[in-house]
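These notes are about the structure you will find just below.
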Amino acid sequence: MNRSRLAPGAGIVTVPGGRPVLRTAEGEFLRIDTGGTDPGELVARLTPGEGAHPDPAELGRLVTAFEEAGHAVTEPRRPPLTGRTVHLLGDPLLTEPLSRFAAAEGAEVHPATADDVAGLAGRRDTAVVWCLDSPVPDGLWDTADRLPARHTAWLRCHREGAHTWIEPPASAPGDVTAAHVRRRRLAATAAHRELAAYWAGHRTPDTGPHPTEPSAALIAALLTADLIAWANGSPSRGAALPARRRLRRIDLRDLTVTEHPVLPVPEVAPLPAPSARATA
């Protein structure tokens, strides 16, 4: 018989001379009305220990209330990426820590190549993550940008000078793609011609800085959080912006992270062809 225990992150706090309170996983403190039940019995019942005797009626009602509110669980916690497959491409200094983190959260992780990407389209519960320690060459991510339209998740990051950019996870039609991010960034700067030329490779050789072990771990952790948000179908906890609408920049010199809202770029109709009268 599986017995309910306090949910991960939850705990019961006994104030000296007072009644017990529940500290939720979110950090809230809630007073517990134990009625005629001794608080010690409730604590013993919801914490690990021996025995699986039937609960007295009032204690059983308290345990049921904890379960219904999500503060007590019967089954052990399943890692959030259980049942999800993650295909990794890119530079090993970033993909190796990400592989470890995603696997620790329950994902089935596989290496992939650019030639594999098109064949992964249409696979639900699957994510493709591409990590670059360099700017993105023109056209490299065009095929992967088509994955969300077929409900395969698409996550990516790349470095430009001292900044690594983590783009929003996309998993459904209408989500933000890499092409959308590029257009939005070009529209947001007066140096759009220079930025486009930088992306196209018209620049001096790269001088770094490259991610170090700590900064690579930070990038991998942020990408893992986006994978968990995708798996949960919900925004990352505590995030100011939903993961699907959040562009993040990590400064590799001091590990500061800034968030920027980003939206898809709507399709527009082509301009009409000039008429004969207009060109005369």
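These numbers come from the heavy atoms of this one structure, side chains and all, not from hydrogens, waters or symmetry mates.
In this structure, Arg84 is positioned above the aromatic face of Trp230, its NZ or CZ under 6.0 Å from the six-membered ring centre and within 45° of the axis. Judged by the 6.0 Å and 45° rule, Arg185 forms a cation-pi pair with Trp165.
At a threshold of 4.0 Å, the pair Asp226-Arg248 counts as salt-bridged, since one of the basic side-chain nitrogens sits closer than that to a carboxylate oxygen.
The CG atom of Asp91 sits 8.5 Å away from atom SG of Cys131, with the distance rounded to the nearest 0.5 Å. Remark: Leu241 CG to Glu259 CD distance equals 5.5 Å, nearest 0.5 Å. Distance check, rounded to the nearest 0.5 Å: OG1 of Thr212 to CZ of Arg253 gives 13.5 Å. Interatomic distance, CG of Asp133 versus CD1 of Ile219, reported as 8.0 Å (0.5 Å rounding). Put simply, NE2 on His210 and OG1 on Thr164 are 11.0 Å apart, with the number rounded to the nearest 0.5 Å. Going from atom OH of Tyr198 over to atom OG1 of Thr204 covers 8.5 Å, rounded to the nearest 0.5 Å.
In this model, no donor atom of one side chain and acceptor atom of the other lie less than 3.5 Å apart for Trp199 and Asp138. There is a side-chain donor-acceptor pair under 3.5 Å between Asp254 and Thr256. A donor and an acceptor atom, one from each side chain of Thr34 and Arg19, are located under 3.5 Å apart.
For Arg156 (side chain) and Trp154 (main-chain N/O), a donor-acceptor pair under 3.5 Å exists by modelled atom type. Although no hydrogens or angles enter the test, the distance criterion places no donor-acceptor pair under 3.5 Å between the side chain of Arg31 and the main chain of Pro20. Judged by distance alone, with hydrogens and angles left aside, the side-chain atoms of Thr189 form no donor-acceptor pair with the main-chain N or O of Leu186 at under 3.5 Å. Between the side chain of Asp116 and the backbone N or O of Ala112 there is no donor-acceptor pair closer than 3.5 Å. One N or O on the side chain of Thr152 and one on the backbone of Leu120 form a donor-acceptor pair closer than 3.5 Å. A donor-acceptor distance shorter than 3.5 angstrom exists from the side chain of Asp145 to the backbone of Ala178, with no hydrogens or angles considered. Distance alone, capped at 3.5 Å, places no donor-acceptor pair between the Ser4 side chain and the Ala72 backbone. Using modelled atom types, no side-chain atom of Arg159 and backbone atom of Ser134 make a donor-acceptor pair closer than 3.5 Å. No donor-acceptor distance shorter than 3.5 angstrom exists from the side chain of Glu167 to the backbone of Val181, with no hydrogens or angles considered. Checking side-chain atoms of Asn232 against main-chain N and O of Ala229 turns up no donor-acceptor pair under 3.5 Å.
Heavy-atom minimum distance, Ala25 versus Pro8: CB-O, 3.7 Å. For Arg5 against Arg45, the heavy-atom pair with the smallest separation is NH1-O, 2.7 Å. In plain terms, the two heavy atoms of Leu255 and Ser215 that are nearest each other are CD2-CB, 3.4 Å. Counting all heavy atoms, side chain and backbone alike, Pro148 lies closest to Ala144 at CD-O, 3.7 Å. In plain terms, the two heavy atoms of Ala103 and Val109 that are nearest each other are N-CG2, 3.9 Å. Of all heavy-atom pairs between Pro209 and Leu252, the closest is O-CD1, 3.3 Å.
Using a 4.5 Å cut-off on side-chain heavy atoms (C-beta onward), Thr177 and Pro264 make no contact. Within the 4.5 Å cutoff, no side-chain heavy atoms of His180 are placed close to those of Arg182. Taking 4.5 Å as the limit, some side-chain heavy atom of Val265 sits within range of a side-chain heavy atom of Arg184. Within the 4.5 Å cutoff, no side-chain heavy atoms of Ser99 are placed close to those of Glu96. No side-chain heavy atom of Thr24 sits under 4.5 Å from any side-chain heavy atom of Phe29. Looking at heavy atoms from C-beta onward, Arg203 lies in side-chain contact with Pro135 at the 4.5 angstrom threshold. Leu263 places a side-chain heavy atom less than 4.5 Å from the side chain of Arg245.
Hydrophobic cluster of Ile12: the remaining members, joined at side-chain heavy-atom separations below 4.5 Å, are Leu6, Leu22, Leu30, Ile32, Leu42, Val43, Leu46, Leu59, Leu62, Val63, Phe66, listed by chain and number.
Hydrophobic clustering, with ILVMFWY side chains joined whenever heavy atoms are under 4.5 angstrom apart, groups Ile166 together with Leu81. By the criterion of side-chain heavy atoms lying less than 4.5 angstrom apart, applied directly or through intervening Ile, Leu, Val, Met, Phe, Trp or Tyr residues, Leu218 is grouped together with Leu93 in one hydrophobic cluster. Cluster annotation: Ile250 and Leu132 are assigned to distinct hydrophobic clusters (Ile/Leu/Val/Met/Phe/Trp/Tyr, side-chain heavy-atom contacts under 4.5 Å, transitive). Placement of Leu89 and Leu94 in two distinct hydrophobic clusters is found when ILVMFWY residues are connected by side-chain heavy-atom separations under 4.5 Å, directly or transitively. At a threshold of 4.5 Å between side-chain heavy atoms, the hydrophobic network of Ile, Leu, Val, Met, Phe, Trp and Tyr places Val176 and Leu222 in two separate groups.
By the 6.0 Å contact criterion, CZ on Arg150 is open, its count of non-hydrogen atoms from other residues, nucleotides or ligands being 12 or less. More than 12 heavy atoms of other residues, nucleotides or ligands shown are found within 6.0 angstrom of CG on Asp38.
Counting only residues at least two apart or in different chains, ring pair (Phe, Tyr, Trp, His ring centres under 6.0 Å) contacts with residues 75-106 comprise His87-His110.
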Please assess Trp141 against His158 for the test side chain to side chain contact (heavy atoms under 4.5 Å, CB included), listing each intermediate value before the final yes or no. CA-CA 11 Å; Trp141 284 352; His158 68 281; 4.1 Å; yes
Between Trp130 and Leu88, does the side chain to side chain contact (heavy atoms under 4.5 Å, CB included) criterion hold? Intermediate values first, please. CA-CA 6 Å; Trp130 204 327; Leu88 297 181; over 6 Å; no
Go through Glu194 and His192 one step at a time and tell me if the side chain to side chain donor-acceptor pair (under 3.5 Å) criterion holds. CA-CA 5 Å; Glu194 292 79 4; His192 55 89; over 6 Å; no
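A side-chain contact (heavy atoms from CB on, under 4.5 Å) with Val86 holds for exactly one of Leu155, Leu227, Leu98; it is Leu227.
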